[in-house]
Amino acid sequence: GTPSAHFTIVFNVFVLMQLFNEINTRKLHDEINVFEGMCQNAWFVIIWVASIGVQVFITQIINYNVDGYNKVFYTTQLDWYQWSLCLLLGIGALIWGILIRIVIRPSCLVCCSCAEKEVDEDELQDAYEANNGSILNSSIHRHTSLHQ
């Protein structure tokens with residue numbers, strides 16, 4: 001049979017969620033502003049924009065043929081309403097990642113993984129600042145000092 005708009009939308013939303021999740025994964029732990037410094041990494045921006053371009057190419061441009069659908073990716077063209085729905089659902093992955101960072105704090109995870117000592121929020125903040133704002137370095141330093 002021929003591909004449907006339904007399956008094209010599912011494919012498109014999946015790819016867009018992955019692309020917006022790439023923005024989420026730039027920051028670790030409790031860094032809520034995922035856009036901070038994004039434009040300073042030219043490779044990230046180039047690859048991200050190119051990925052969006054390839055997705056538009058797959059779902060829109062490559063479908064201009066005699067049969068009216070893409071025989072390789074099995075997609076059909078989407079109209080503006082369908083694209084806005086896909087973008088809205090795709091951005092949901094970005095919003096979900098930010099909400100998770102707000103709700104689940106790394107101090108909760110440290111408490112669960114290292115039961116030897118209670119978590120002192122001031123100590124965590126001092127370690128974070130001492131490591132130039134890097135949660136990863138401060139967590140590694142704190143974890144190794146607990147086990148010595």
Side-chain angles (χ1 to χ4, degrees), residues 1-115 119-143:
T2 60
S4 67
H6 173 259
F7 288 117
T8 304
I9 290 171
V10 170
F11 168 68
N12 205 25
V13 167
F14 174 76
V15 172
L16 292 174
M17 284 181 153
Q18 294 296 334
L19 290 172
F20 284 109
N21 196 45
E22 287 178 10
I23 296 172
N24 270 333
T25 57
R26 292 186 60 256
K27 299 291 181 175
L28 299 173
H29 304 293
D30 66 343
E31 299 162 306
I32 295 171
N33 186 2
V34 294
F35 297 107
E36 181 181 17
M38 189 168 94
C39 293
Q40 293 173 352
N41 187 343
W43 281 109
F44 176 81
V45 173
I46 290 167
I47 291 169
W48 197 85
V49 170
S51 298
I52 292 283
V54 168
Q55 184 62 17
V56 170
F57 181 77
I58 288 171
T59 59
Q60 295 301 115
I61 297 169
I62 220 170
N63 291 325
Y64 281 118
N65 61 32
V66 177
D67 297 327
Y69 65 91
N70 181 339
K71 294 179 182 179
V72 177
F73 294 99
Y74 212 64
T75 59
T76 62
Q77 289 182 330
L78 300 176
D79 60 27
W80 286 106
Y81 173 76
Q82 292 165 329
W83 263 100
S84 10
L85 179 65
C86 291
L87 283 171
L88 182 66
L89 292 171
I91 289 172
L94 184 63
I95 295 167
W96 179 255
I98 293 169
L99 287 174
I100 290 297
R101 284 185 181 86
I102 292 170
V103 173
I104 299 176
R105 308 302 288 178
S107 57
C108 296
L109 301 176
V110 171
C111 178
C112 297
S113 65
C114 300
V119 175
D120 181 10
E121 291 290 332
D122 293 330
E123 180 185 332
L124 287 175
Q125 184 64 32
D126 291 343
Y128 177 77
E129 291 168 359
N131 288 288
N132 297 322
S134 171
I135 285 289
L136 183 59
N137 286 339
S138 63
S139 296
I140 290 170
H141 175 70
R142 184 177 190 288
H143 184 69

Original post:
What's the shortest heavy-atom distance between Q82 and I9, and which atoms?
Top reply: CG-CD1, 3.9 Å
Original post:
Considering all heavy atoms of both residues, which atom of C86 and which atom of L78 are nearest to each other, and what is their separation?
Top reply: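 Of all heavy-atom pairs spanning C86 and L78, the closest is SG-CD1, 4.1 Å.
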Please report, to 0.1 Å, the donor-acceptor pairs under 3.5 Å made by any side chain of residues 43-57, with sequence neighbours excluded.
residue : atom : partner : partner atom : Å
W48     : NE1  : L19     : O            : 2.7
S51     : OG   : I47     : O            : 2.8
Q55     : NE2  : N12     : OD1          : 2.6

Any donor-acceptor pair under 3.5 Å from [X] side chain to [Y] backbone:
X   : Y   : value
T59 : T75 : no
R26 : V34 : yes
Q77 : Q60 : yes
N21 : N24 : no

Original post:
In this structure, are over 12 heavy atoms from other groups packed under 6.0 Å from E36 atom CD?
Top reply: no
**OP:** Decide yes or no on side-chain contact (heavy atoms from CB on, under 4.5 Å) for L94 and F35, but give the supporting numbers first.
**Re:** CA-CA 11 Å; L94 184 63; F35 297 107; 3.5 Å; yes
Subject >> Straight-line distance of I100 CD1 to W96 CH2, nearest 0.5 Å >> reply: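 One finds 4.5 Å between CD1 of I100 and CH2 of W96.
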**OP:** Begin from the C-alpha positions of L16 and L89 and carry the test side-chain contact (heavy atoms from CB on, under 4.5 Å) through to its verdict.
**Re:** CA-CA 8 Å; L16 292 174; L89 292 171; over 6 Å; no
